[in-house]
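Here is the structure we will look at.
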2 protein chains.
Amino acid sequence: MNKKYRLDGRIWINCGEYPSIGQGKIELLIKIREHGSLRQAALEMKMSYRQAWFHVSNINHSLSTPAVILSRGGKDGGKAVITPSGEKLIDTFLTIQADFEHFLNEQSLKPGLLEI
Amino acid sequence: MNKKYRLDGRIWINCGEYPSIGQGKIELLIKIREHGSLRQAALEMKMSYRQAWFHVSNINHSLSTPAVILSRGGKDGGKAVITPSGEKLIDTFLTIQADFEHFLNEQSLKPGLLEI
DNA sequence: GATCGTTATGTTTTATCAGGAATAACGAAG
DNA sequence: CTTCGTTATTCCTGATAAAACATAACGATC
């Protein structure tokens, strides 16, 4: 039947009493940085605007400094800007995530998991 | 507001097309080993018997060799026994889980996460 | 001050899932 | 052949989460 198993997992940043931040929210931040628009970011992630807005709201409340500045009105109707604090969050998470994937691969190759 | 963040996460054994095996199922296996009874294990985990039964069924279908042998009838009404294969599964997972927790602690202390 | 595209938020509907209730099946022991 | 406690399985209902829908607020530009 099953000949191969591999270790899988997820990590996130625990913010105490506030909502955690993981892969999904980080990807959203990256899309926001790319487009400068929350709506565009949500569309590209096939996520409802509402949900994306809640994500951003949660992220900003979880951190001591906002990661995204949203503003409405104006020439383009509004915009979304990643702050330096947001940039640092993205960078830190991606670095840790890379280490984590290395850990998963390493453990997947160990005899224990292969011999179940 | 928030002064401290820490890295958190979960791992599980990916069994391809079959359901994955993680902390919860492993804990159930340990309780089963302890009591020799699926019902008792479910009770102690504050889990419905139904759910526990599905867990065991999924585990056995995910592996090439069953981890638990369930039998009904007899003097005590029935019993649940962990196979050597199940023992190995428990042992392997706990070992990896310990390494993973070490990884989480290590990363939580790195400057990146503390300085967000 | 009218327009426009975006941000902001409330309401309603739908889909999914967890849990409980109920009941059958089983087989050693007496 | 009756009893007993457990395993095995179906069905139903309430809770919760996700999505859809609707609409207000905003402000640079013209």
Side-chain angles (χ1 to χ4, degrees), chain A residues 10 12 17-63 65-83 85-86, chain B residues 10 12 17-63 65-83 85-86:
Chain A
R10 282 183 177 279
W12 58 86
E17 55 180 323
Y18 301 96
S20 302
I21 300 172
Q23 184 95 40
K25 286 176 186 166
I26 297 296
E27 280 179 18
L28 182 63
L29 291 184
I30 293 173
K31 295 287 184 193
I32 290 174
R33 175 172 62 184
E34 187 182 344
H35 292 98
S37 159
L38 181 52
R39 176 166 296 273
Q40 278 304 311
L43 270 179
E44 194 159 318
M45 291 198 68
K46 286 168 184 167
M47 173 189 299
S48 73
Y49 171 84
R50 189 189 161 78
Q51 187 177 358
W53 184 88
F54 273 121
H55 277 335
V56 168
S57 175
N58 283 336
I59 292 170
N60 284 343
H61 282 94
S62 290
L63 302 177
T65 309
V68 185
I69 303 292
L70 298 175
S71 42
R72 56 183 171 180
K75 170 178 146 196
D76 298 320
K79 62 181 177 176
V81 179
I82 301 290
T83 67
S85 175
Chain B
R10 283 182 175 281
W12 58 86
E17 54 180 323
Y18 301 97
S20 302
I21 301 171
Q23 183 93 44
K25 286 175 186 167
I26 297 297
E27 279 179 19
L28 182 63
L29 291 185
I30 294 173
K31 295 287 184 194
I32 289 174
R33 175 173 60 185
E34 188 183 343
H35 293 98
S37 158
L38 181 51
R39 174 166 298 273
Q40 277 304 311
L43 271 179
E44 193 159 321
M45 291 197 67
K46 286 168 184 168
M47 173 189 300
S48 71
Y49 172 86
R50 179 194 156 80
Q51 187 177 358
W53 185 87
F54 274 120
H55 276 335
V56 169
S57 175
N58 284 335
I59 292 170
N60 283 344
H61 282 93
S62 291
L63 302 177
T65 309
V68 185
I69 303 292
L70 297 174
S71 42
R72 56 184 172 179
K75 169 179 146 197
D76 298 321
K79 61 181 177 175
V81 179
I82 302 292
T83 67
S85 175

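Naming convention: chains lettered A, B, ... in sequence-line order (proteins, then strands); numbering from 1 in each chain. The shown structure was predicted, so the numbers you read here are calculated from the model rather than taken from an experiment.
For D:dT7, neither phosphate oxygen OP1 nor OP2 lies less than 4.0 angstrom from any side-chain nitrogen or oxygen of B:Trp53. Note on A:Gln51: every side-chain N or O is 4.0 Å or more away from OP1 and OP2 of D:dA18.
The distance from atom CZ of A:Arg72 to atom P of D:dG27 is 7 Å, rounded to the nearest whole Å. Between the C1' atom of D:dA17 and the CZ atom of A:Phe54 lies a distance of 13 Å, rounded to the nearest Å. Rounded to whole angstrom, the span from the CE atom of A:Met45 across to the C1' atom of D:dA18 amounts to 16 Å. Counting to the nearest Å, the C1' atom of D:dC26 and the CG atom of A:Asp76 are 14 Å from each other. Rounded to an integer number of Å, the gap from NZ of B:Lys46 to P of C:dG19 is 13 Å. Between the C1' atom of C:dT7 and the NE2 atom of A:His35 lies a distance of 17 Å, rounded to the nearest Å. One interatomic measurement links the two molecules: NZ of B:Lys79 to P of C:dA29, which rounds to 11 Å at whole-angstrom precision. Rounding to whole angstrom units, CD1 of residue B:Ile69 and P of D:dT7 are separated by 14 Å.
Each of B:His55, B:Gln51, B:Glu27, B:Gln40 was checked for a side-chain contact (heavy atoms from CB on, under 4.5 Å) with B:Met45, and the lone residue meeting it is B:Glu27.
Between the CD atom in B:Glu44 and the CG atom in B:Leu28 there is a gap of 11.0 Å [rounded to 0.5 Å]. Put simply, NZ on B:Lys79 and CD1 on B:Ile69 are 10.0 Å apart, with the number rounded to the nearest 0.5 Å.
Taking only distance into account, the side chain of A:Arg50 never meets the base of C:dT7 through a donor-acceptor pair shorter than 3.5 Å.
Comparing B:Gly74 and A:Ser71, the nucleotide of DNA chain C nearest to each residue sits closer to the 5' end for A:Ser71. Heavy-atom distances to DNA chain D give each of B:Gly73 and B:Leu70 a nearest nucleotide, and the one nearer the 5′ end belongs to B:Gly73.
Counting any heavy atom pair closer than 4.0 Å across all strands shown, A:Gly78 reaches sugar-phosphate atoms only and no base atom.
B:His61 is not listed as a side-chain neighbour of B:Pro66, based on a closest heavy-atom distance of 4.5 Å or more. Proximity of A:Asn60 to A:Leu70: side-chain heavy atoms (C-beta onward) are nowhere separated by under 4.5 Å.
With distances taken from any side-chain atom of B:Lys75 to the nucleotides C:dT7, C:dA28, D:dT6, the minimum falls on C:dA28. Closest to the side chain of A:Tyr49, from the set C:dG20, D:dT7, C:dT7, is C:dT7.
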